[in-house]
Amino acid sequence: MLLRRLAASALRRGGANDGGVLAAVRAEIAHELSSSTPSSPPSLQSQDIPDFATVSDPPRGQEVLLRRRDASEEVLVSAVLEPLRFEGEEPLPRDALMKVFVSKPDVKPVMRFDCRAFADEGDGGSADYDVANACYHPFAGDAGEDKYEGPEFRDLDPRLQVALKGYLVARGVNSKLASSLHHHLVEKERWQYMNWLKTLEDMFSSH
């Protein structure tokens, strides 16, 4: 999704009424279609997120929220793509930012893990994830800048880092889940971008 390419193309082409915007939009639509952009909003399948259920995944929203719950605990996973960044004119591969909350009925505190799922080979590659932060709150949503949340995850004893990552994996937050979420978020945003382009095309072609 080369937004800068779209803007540059519009400036180069020019036009009688729109400065070349319509031609540039149509060129970008053709480019996206050539790369198998989904024609409908992608959805997470049960085989992609074993043991989890989708709580929220609005077609036009950015966040995905999953839940895994049994009699002993609840695991919530929230994921979004990180903001778009460029190197020169080229967009950089984007990680998925995940927050994992683990809670037990009538037991406090709530554990929170901040994670980063990254693609090994661009948007289509398999993904794994790193844990960036682990902390706890008396209850969900109680995070605050003035509260001590523990040391940086990388500063923890290596054995504790491994144990905490294993704690997440045992609860289904594994490489498969990270890969599925990363792929889904990328495909979803591609669909959103195509939908935005088509709306733009309709708007300018009606003039």
- prompt: How far apart are the closest heavy atoms of Trp191 and Pro59, and which atoms are they?
  reply: CZ3-O, 3.5 Å

Set of residues satisfying side chain to side chain contact (heavy atoms under 4.5 Å, CB included) with respect to Arg67, sequence neighbours excluded: Val55, Arg69, Glu74, Leu76

- prompt: What residues form a side chain to side chain contact (heavy atoms under 4.5 Å, CB included) with Val162, not counting sequence neighbours?
  reply: none

field: Distance, nearest 0.5 Å, that separates CG of Leu22 from CZ of Arg26
entry: 4.0 Å

task: Measure the spacing between CD of Glu82 and CZ of Arg116 and express it to the nearest 0.5 Å.
output: 5.0 Å

- request: Could you list all the salt bridge (charged side-chain N to carboxylate O under 4.0 Å, His left out) pairs where at least one residue sits in residues 55-65, not counting sequence neighbours?
  value: Asp57-Lys188

- request: Could you tell me which residues satisfy salt bridge (charged side-chain N to carboxylate O under 4.0 Å, His left out) with Glu87, sequence neighbours excluded, listed by chain and number?
  value: none

task: Share the residues that join Val80 in a hydrophobic cluster, the rule being Ile, Leu, Val, Met, Phe, Trp or Tyr side chains under 4.5 Å apart at the heavy-atom level.
output: Leu97

message: If the condition is side-chain hydrogen bond (donor to acceptor under 3.5 Å, both in side chains), which residues does Ser43 pass it with, not counting sequence neighbours?
response: Gln45

message: Are Val25 and Phe204 linked, directly or through intermediate hydrophobic residues, by side-chain heavy-atom contacts shorter than 4.5 Å (ILVMFWY only)?
response: yes

Exceeds 12 heavy-atom contacts within 6.0 angstrom, atom OH of Tyr136: no

- line: Hits for side chain to side chain contact (heavy atoms under 4.5 Å, CB included) against Leu160, two or more places apart or cross-chain, chain-then-number order -> Leu156, Asp157, Leu164

query: Would Lys198 and Glu201 pass as an ion pair if we require N to O under 4.0 Å?
result: no

message: Do Lys165 and Tyr129 form a cation-pi contact, if we require the NZ or CZ to be under 6.0 Å from the six-membered ring centre and within 45 degrees of the ring's axis?
response: yes

query: Do you reckon Val173 sits in the same ILVMFWY cluster as Leu44, going by side-chain contacts under 4.5 Å, direct or chained?
result: yes

- prompt: Should Pro93 and Phe118 count as side-chain neighbours, where that means a heavy-atom distance under 4.5 Å?
  reply: no

field: Heavy-atom closest contact (Met98 atom, Ala79 atom, distance)
entry: CG-CB, 4.0 Å

task: Could you walk me through whether Arg190 and Val186 pass side-chain contact (heavy atoms from CB on, under 4.5 Å), step by step?
output: CA-CA 6 Å; Arg190 291 179 65 197; Val186 169; 4.3 Å; yes

- prompt: How long is the gap from NE2 on His182 to CG on Asp128, to the nearest 0.5 Å?
  reply: 11.5 Å

- prompt: What is the distance from atom CG of Asn174 to atom OG of Ser180, rounded to the nearest 0.5 Å?
  reply: 8.5 Å

field: Rounded distance [0.5 Å steps], CZ in Arg171 versus CG in Leu177
entry: 14.5 Å

query: For Phe52 and Leu66, which heavy atoms make the closest approach, and how far apart are they?
result: CD2-CB, 3.9 Å

query: Can you check side-chain contact (heavy atoms from CB on, under 4.5 Å) on His184 and Val64, steps first, answer last?
result: CA-CA 9 Å; His184 173 71; Val64 175; 3.8 Å; yes

task: Return the set of residues passing side chain to side chain contact (heavy atoms under 4.5 Å, CB included) with Asp70 (not counting sequence neighbours), or none when no residue passes.
output: Ser72, Glu73

- prompt: Measuring from Arg159:CZ to Gln161:CD, what's the distance to the nearest 0.5 Å?
  reply: 11.5 Å

- prompt: Would you say His137 and Cys135 make side-chain contact, with heavy atoms under 4.5 Å?
  reply: yes

field: side-chain hydrogen bond (donor to acceptor under 3.5 Å, both in side chains) partners of Asp114, counting only residues at least two apart
entry: Lys99, Arg112, Asn133

- prompt: Would you say Val77 and Tyr167 are hydrophobically clustered, going by side-chain heavy atoms of ILVMFWY under 4.5 Å?
  reply: yes

